[in-house]
Each structure stands twice: as C-alpha cells, then as structure tokens.
Amino acid sequence: MGWDELRDLGEYQTDTELKEALDANWPRGSGRSLTTARRLLAFRDLEAGDRVVANRGMDEVLATGTVTGGYRFDPDRDEFRHVVPVDWDVSHAQKLSGPQHGWRSTFAKVDPTLFAGLTAHRAAGSPVQAVPSSTDLAPEDVRAVLDALERKGQVILHGPPGTGKTRLALSAALFMAGRADAINTDPARRSAAQAEMLGGEQVHLVTFHPSYGYEDFVEGFKPDLSATGPGLTLALTDGVFHTLCDLASAHPEQTYLLIIDEINRGDLPRIFGELITLLELDKRGLPLALSVSGRRFSVPPNIRIIGTMNTADRSISHLDAAVRRRFAFVSVGPDPDAVSGTVGPLDLAEFFESLNTRITRHLDADHQIGHAYLLRDGAPIATEDDLAAAFHHEVIPLLEDYCLGRADLLHRILGSLVDADTGRTALMSPQDLATALAAEFSGGQPSPDA
C-alpha cells in the first residue's frame with residue numbers, strides 16, 4: 001500500500017492522530033482524511049486468517065487471499081512500503097457482470113454475500129481448495145450480541161436511527177436458531193428465513209409503544225371474545241412474556257428469545273412490573289406471586305431478551321435505573337463501510353462520515369444518521385436520482401426535525417446547501433446535487449494512489 005510519507009502506521013494510536021498526519025501531507029476538504037485514516041488503520045490491523053479481495057477497476061477480481069501475518073513498514077522498498085503478507089488464490093479471478101460501486105476507492109468492505117459468490121467461482125483448470133465458511137462462526141457484530149446475552153441474559157442494542165439495530169437482533173436470532181446460513185445471503189432468502197423463524201415458538205417479536213402495558217406483557221383481565229352472555233365478560237389472559245416463559249419451562253433444553261423493538265417507547269417499569277427482579281440470571285427460577293392473579297411465576301434460565309432503541313428518541317440515561325442495571329448495552333453506530341460507493345464525484349462514505357461529524361459537533365452523537373438512509377435494496381445508492389431522493393425526502397426532513405426550526409443550526413450542518421436565514425434547501429438538479437455535496441463535504445479531491 002502507498003501513503004509512504006506517513007511512515008510506520010504502528011506509530012499512530014488513534015485515527016485522529018493519523019488524520020492530522022494526512023492533513024499535513026495532503027490538505028483537503030473537511031472530513032475526507034478521517035475516513036481515509038480509518039481505512040488505513042483497518043489495513044494495519046488485518047490479522048492472520050482475514051480474507052481480502054484484489055480487484056482491478058470496479059468489475060474485475062484478480063484474486064482472493066488469506067492474510068498470513070501482521071502489518072510491517074518496509075523502508076527498504078522503493079515504494080508501497082506498507083506491507084501485509086497474503087496467500088493469494090488466483091483461481092477466483094473473474095470478470096464480474098457489472099461494476100461494484102464501492103470498489104472505486106482504494107479500500108472497500110466486501111459484502112459477505114458477494115464474497116461467497118466470488119469464492120464459489122473457479123477459473124478453468126483450477127484445483128478445488130478448501131475455503132473457510134463464513135457460517136462456521138458468528139459474524140463479529142452478532143458475536144458481540146451473543147456474548148452479552150451469555151453474560152447478562154438480556155441486551156439492548158442502541159444507536160441512531162437507520163443503523164440496523166433490528167436487523168442485527170434478527171441476525172442474532174437466526175444464529176441462535178441454527179440458521180446462520182441465512183444471515184449473509186440475498187434479501188429474499190433472508191426474509192423467508194426470518195418469517196419461518198418468527199412463525200415458530202422459540203423466537204417472538206414485539207414492539208413497545210406508549211399504550212403497551214403489564215397486561216400485554218405479563219398478564220391481565222381482557223374482554224373474552226368467546227363469551228356469549230349479555231354484557232362484557234373479562235378473562236385472565238397471559239401476556240407475550242408469560243406465554244414465552246411457559247414454553248421455555250416446558251422445554252428447558254431449548255433457548256427461547258424475545259425481541260423487543262423500540263423498547264424505550266414503552267413505560268418499562270410498568271410493563272415489567274415485579275418481573276424486573278427475576279431477569280437477573282442468578283434469580284432465574286425463583287418464584288414470586290404475580291400482582292394481578294396472585295399466581296406463582298418464575299422466569300426460566302433458558303429465556304433471553306434482545307431490545308432495540310433509537311438514541312435520538314431517548315438516550316440510555318433516561319431509562320429507569322433498575323432496568324439499566326439488568327441489561328447489557330451494545331452500541332450499533334453508523335457504518336461508513338456499509339455505504340462504500342460513489343455517485344458522480346461524490347464519495348458516499350466520506351460524505352456520510354463528514355455529515356455525521358458535523359451533526360455530532362452541533363447536536364450530539366445520538367442524532368447522527370444511520371447508513372440505511374444511503375442504501376437501496378441493501379446496496380449503496382448508485383445514481384444521482386436515488387441520492388437526491390434520499391437527501392431531500394429522508395435526510396433533510398430528519399435534520400429539520402432535529403434542528404427544531406432553527407435555520408442557523410441547519411445551515412451549520414449542511415453549509416451552502418441551506419440558506420442561513422430561511423433554512424430553505426437550495427434547489428438543483430440531481431447531477432448538480434452530487435457535485436455540491438462533494439464540494440461541501442469532501443472538497444471533491446481525489447485520494448492518493450495506493
């Protein structure tokens with residue numbers, strides 16, 4: 001890899017330090033070098049066993065490889081002194097059917113589904129070699145959720161809107177249900193696997209909202225629709241959590257999972273009631289009397305809970321203290337690598353990261369935008385029309401809501417694209433919008449060759 005002027009990347013402890021070195025050597029627009037710094041550190045931190053793809057342009061694979069050792073800086077080389085050893089497999093060389101829009105930059109994250117397709121290809125006459133399966137182990141983000149569940153019994157995935165919290169919760173559920181093969185696959189197959197999983201008994205999905213209560217979650221008296229007599233008849237009805245606990249008690253050899261989407265939109269102390277005590281792993285199996293019916297009840301040890309919450313709605317600090325103590329918390333932040341791609345002169349990842357840097361500076365980190373706003377069908381947006389639609393119909397309304405009508409604040413975030421006095425977004429063609437965003441957020445300058 002190039003960028004030889006930076007010398008040994010091991011000398012940099014943070015991406016901020018490396019960004020300062022990049023700015024000193026290659027001055028450029030706001031935010032661009034921070035993205036480059038993080039990509040350089042990702043190269044430096046490659047470990048033995050990591051998989052990489054060598055490409056030419058946006059539609060040709062030269063080889064896939066397996067990293068065999070750690071990074072080193074070799075000052076004796078004439079150029080490209082940043083080195084990582086790789087065992088290359090040229091049997092996967094191929095011309096792709098179309099361009100991969102994230103491949104214009106030096107570094108890009110390869111979608112697992114695409115990588116599986118690349119490694120399934122064999123050049124004519126190539127011997128068959130064993131390729132490590134991506135389903136042998138849980139993906140890193142899924143593994144973090146599973147580790148938290150093992151340690152605490154329940155976890156809340158928190159982050160700004162559009163960062164994929166619900167998707168991650170369902171991925172963890174698929175892995176726990178033995179469907180790891182469906183995590184990184186095409187959308188149709190993944191959706192089918194999720195529907196099949198949620199149609200069974202082991203994984204339940206519920207969404208909290210302001211009117212959701214104890215009677216919906218644990219137990220309560222509700223109208224008996226089967227009653228035929230005059231007047232209203234109430235019957236004691238088990239809630240979703242009570243029902244799931246009964247199933248788990250009857251099948252102690254299996255793990256049962258409850259996914260609570262938008263968990264912070266409900267009144268958690270009221271919804272959980274006295275059961276908040278029984279969530280702790282060392283209190284699983286202890287019986288207590290339910291407040292409505294007086295029945296004896298316990299939470300079995302094979303119950304797990306995953307909640308999701310948008311920090312833009314309410315931060316973790318606003319959650320009830322008793323709830324916070326009983327949940328582990330896993331942050332799910334914006335992922336610039338997920339939007340690696342270009343639209344005209346605009347590098348999406350650099351625009352995305354620079355925009356979020358401004359949002360963090362003028363609002364806070366909880367109000368950043370997630371990468372889902374710049375995706376279409378799971379892939380980075382690739383056309384000027386899609387970019388204009390995402391920017392004007394999704395990003396701008398979200399930021400206007402965050403800025404609470406303050407035109408000056410919106411102007412500080414979006415710069416020349418917004419009038420500082422009126423807060424009105426400048427009108428321009430989709431093609432001109434891509435150019436304007438590149439000028440405002442990345443300076444529109446190319447990165448150094450590598």
Side-chain angles (χ1 to χ4, degrees), residues 1-22 25-26 33-57 60-94 100 102-123 126-144 146-147 180 184 335-338 340 349 447-450:
M1 183 187 72
W3 285 283
D4 295 337
E5 292 85 347
L6 297 173
R7 301 196 60 78
D8 192 341
L9 297 179
E11 298 175 0
Y12 301 95
Q13 294 185 344
T14 67
D15 55 1
T16 303
E17 288 184 11
L18 186 51
K19 175 186 183 301
E20 292 173 354
L22 283 163
N25 284 281
W26 300 283
S33 55
L34 181 59
T35 301
T36 304
R38 292 176 177 172
R39 289 171 174 171
L40 293 177
L41 292 183
F43 175 88
R44 180 198 68 182
D45 295 337
L46 286 170
E47 298 178 347
D50 288 342
R51 307 301 304 280
V52 294
V53 175
N55 62 295
R56 177 188 288 131
E60 184 178 3
V61 173
L62 301 178
T64 63
T66 303
V67 176
T68 59
Y71 160 85
R72 74 179 190 276
F73 181 75
D74 187 352
D76 295 329
R77 293 173 62 94
D78 293 335
E79 59 179 344
F80 302 107
R81 295 171 179 170
H82 304 284
V83 179
V84 171
V86 174
D87 180 18
W88 293 106
D89 181 358
V90 297
S91 69
H92 296 145
Q94 57 193 284
Q100 302 300 313
W103 286 15
R104 181 172 294 180
S105 58
T106 302
F107 302 108
K109 192 174 185 178
V110 180
D111 180 84
T113 305
L114 173 61
F115 185 77
L118 298 180
T119 53
H121 172 86
R122 285 285 155 192
S126 299
V128 176
Q129 302 176 9
V131 178
S133 172
S134 60
T135 62
D136 288 341
L137 297 172
E140 183 178 356
D141 54 353
V142 173
R143 189 162 57 249
L146 299 178
D147 289 344
N184 294 318
D335 181 8
D337 284 332
S340 291
S447 59
D449 292 335

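Please read all numbers here as calculations on a predicted model, not as lab measurements. Along the sequence shown, residues are numbered consecutively beginning with 1. Reckoned from all heavy atoms, side chains included, excluding hydrogens, waters and symmetry mates.
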Ignoring hydrogens and angles, tell me if any N or O in the side chain of D4 forms a donor-acceptor pair with the backbone of F80 under 3.5 Å. yes
Keeping the roles fixed (side chain from R51, backbone from F115), state whether a donor-acceptor pair exists under 3.5 Å. no
Nearest heavy-atom contact between A37 and K19 is CB-N, 3.9 Å
Sidechain-backbone polar pair: Y71 side chain, L9 backbone, donor-acceptor under 3.5 Å: yes
Mind checking whether H92 and L118 have side chains closer than 4.5 Å, heavy atoms only? no
Locate the shortest heavy-atom distance separating T66 from G49; write the atom from each residue and the value. CG2-CA, 3.9 Å
Looking only at heavy atoms, which two atoms of D89 and S91 are closest? And how far apart? OD1-OG, 2.5 Å
Side-chain contact test, heavy atoms from C-beta onward, threshold under 4.5 Å: evaluate it for Y12 versus L40 and give yes or no. no
Minimum heavy-atom distance P336-A349, with the two atoms named: O-CB, 3.5 Å
Look at the side chain of D50 and the backbone N and O of E47, then say whether any donor-acceptor pair between them is shorter than 3.5 Å. yes
Hits for salt bridge (Lys or Arg N to Asp or Glu O under 4.0 Å) against D335, two or more places apart or cross-chain, chain-then-number order -> K109
Can you name the residues that form a ring pair (Phe, Tyr, Trp, His ring centres under 6.0 Å) with F43, not counting sequence neighbours? F107
